[in-house]
Amino acid sequence: MAKRETKTERKERIEKVLHALDSEYGTEYICYLNHETPWQLLIAVILSAQCTDARVNLVTVDLFQKYKSPKNFAEAELKELEKDIHSLGFYHMKAKNIISCCQDLMNKFGGNVPDTMEELLSLAGVGRKTANVILGNIYDQPSIVVDTHVKRISIKLGFAKSEDPEKIEYELMKVLPKEHWILWNIQIITLGRSICVARKPKCGECFLRELCPSAQV
DNA sequence: CTCCCGATAT
DNA sequence: ATATCAGGAG
């Protein structure tokens, strides 16, 4: 039976992983979803459910030319908006949610994107993942975004055990220093898209392979 | 828990 | 053919 990692060893491994991520990917808070305003990011994240950010960016180029404000989305025709976002999948639900969400932005929040978890979660189409993206990226509020990449890789690294994204969020909060919460998401997505891909991870070329309990070489 | 759903990579 | 993609609602 393999020897269990001690608390000290675990703490050291976490530090090394964070340092490796910082030196490989940098510490800049970049965003893969193109946007110029908070409400545009909100729409983009709602659209990004179960679809790649590259394809969301392809659609939002034209979408934000056509709908220039939350008010335009709030007054949009459902069928027409469905056509505009059709290629992203889940288009019926996403279109309905975006219209409802923007109606609430106009009627309850003065056309602005709210800055609390509770208010964000009250918006249609907004769950914890989307809310945390807004809190972290727009309002610079320490938060952990658990998407498919963060879930998969956090479990592989042994930093989370649960299957429930909300529980993973809390597990990671205990393990990661607060200064690294926002950064974790973007770095892990970068890793998850290129090396630690879901189907056939390229452990052989991963800079974390010596620090990862799941590495297959 | 199930359902929503098109595009892409393998 | 099938797994996967910056998930969320009912």
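Tyr32(A) and Thr190(A) form a side-chain donor-acceptor contact under 3.5 Å, judged by distance and modelled atom types alone. Inspection of the Gln187(A) and Asp22(A) side chains reveals an N or O donor paired with an N or O acceptor under 3.5 Å. Residues Glu119(A) and Ser122(A) have side chains that never bring a donor and an acceptor to within less than 3.5 angstrom of each other. Side-chain contact annotation: Asn34(A) with Gln40(A), donor-acceptor N/O pair under 3.5 Å absent.
The stretch residues 153-201 of chain A participates, sequence neighbours left out, in these ring pair (Phe, Tyr, Trp, His ring centres under 6.0 Å) pairs: Phe159(A)-Trp184(A). Listed by first and then second residue, the side-chain hydrogen bond (donor to acceptor under 3.5 Å, both in side chains) pairs that reach into residues 91-113 of chain A are Glu82(A)-His92(A), sequence neighbours excluded.
At a threshold of 4.5 Å between side-chain heavy atoms, the hydrophobic network of Ile, Leu, Val, Met, Phe, Trp and Tyr places Tyr25(A) and Leu183(A) in two separate groups. Grouping the Ile, Leu, Val, Met, Phe, Trp and Tyr side chains by contacts below 4.5 angstrom, directly or via other members, places Ile153(A) with Phe207(A). Residues Ile195(A) and Ile189(A) are members of separate hydrophobic clusters, defined by side-chain heavy-atom contacts under 4.5 angstrom among Ile, Leu, Val, Met, Phe, Trp and Tyr. Linking ILVMFWY side-chain heavy atoms closer than 4.5 Å, directly or via other members, places Val113(A) and Ile98(A) in a single hydrophobic cluster.
The separation between Leu183(A) atom CG and dA6(C) atom P is 18 Å, rounded to whole Å. Between Leu191(A) atom CG and dC5(C) atom P there is a gap of 13 Å when expressed in whole angstrom units. The nearest whole Å value for the distance from the CD1 atom in Ile98(A) to the C1' atom in dG7(C) is 13 Å. Rounded to whole Å, atom C1' of dG8(C) lies 14 Å from atom CG of Leu120(A). Rounded to an integer number of Å, the gap from Arg128(A) CZ to dA6(C) C1' is 16 Å. Taking atom NE2 of residue His149(A) and atom C1' of nucleotide dT4(C), one finds them 9 Å apart after rounding to whole Å. Atom CD of Glu169(A) and atom P of dA6(C) are 19 Å apart (whole Å). Remark: C1' of dA9(C) and CG of Leu121(A) are 13 Å apart, rounded to the nearest angstrom.
As rounded to the nearest Å, dC5(B) and dG10(C) have P atoms that lie 13 Å from one another. dT2(B) and dA6(C) are spaced 24 Å apart, taking the P atom of each and rounding to whole Å.
Map Gly125(A) and Lys129(A) each onto its nearest nucleotide of DNA chain C; the residue landing nearer the 5' end is Lys129(A).
Of the residues in residues 78-94 of chain A, those placing a heavy atom less than 4.0 Å from an atom of DNA chain B are His86(A), Ser87(A), Gly89(A), Phe90(A), Tyr91(A), His92(A), Met93(A), in numerical order. Within a heavy-atom distance below 4.0 Å of DNA chain B, the residues of residues 32-62 of chain A found are Gln50(A), Arg55(A). Taking every heavy atom of residues 171-181 of chain A and every atom of DNA chain B, no pair lies under 4.0 Å.
Among the protein residues, Cys101(A) comes within range of no part of the nucleic acid, since none of its heavy atoms lies under 4.0 Å from any strand. Contact annotation for Val150(A): no contact, since no heavy-atom pair falls under 4.0 Å across all strands.
Screening Asp84(A), Asn72(A), Asp62(A) against Tyr67(A) for a side-chain hydrogen bond (donor to acceptor under 3.5 Å, both in side chains) leaves a single residue, Asp84(A).
Ring centroids of Phe64(A) and Trp39(A) are separated by less than 6.0 Å, placing the two rings close together.
Residue Arg152(A) places no side-chain atom within donor-acceptor reach of the base of dT4(C), judged by atom type and a 3.5 Å distance cut-off alone.
Between chain A and DNA chain B, the heavy-atom contact criterion of under 4.0 Å yields a 5' to 3' nucleotide range of dC4(B) to dT10(B).
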When you look at Glu169(A) and Arg128(A), which way does the salt bridge (Lys or Arg N to Asp or Glu O under 4.0 Å) test go after all the steps? CA-CA 9 Å; Glu169(A) 189 183 324; Arg128(A) 290 195 71 85; 2.8 Å; yes

The test is side-chain contact (heavy atoms from CB on, under 4.5 Å); show your working for Asn137(A) and Cys31(A) and say whether it passes. CA-CA 8 Å; Asn137(A) 207 306; Cys31(A) 183; 3.5 Å; yes

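Here the side chain of Arg10(A) pairs a donor or acceptor atom with the backbone of Gly158(A) at under 3.5 angstrom.
At the phosphate of dT4(C), neither OP1 nor OP2 sits under 4.0 Å from any side-chain N or O atom of Thr148(A).
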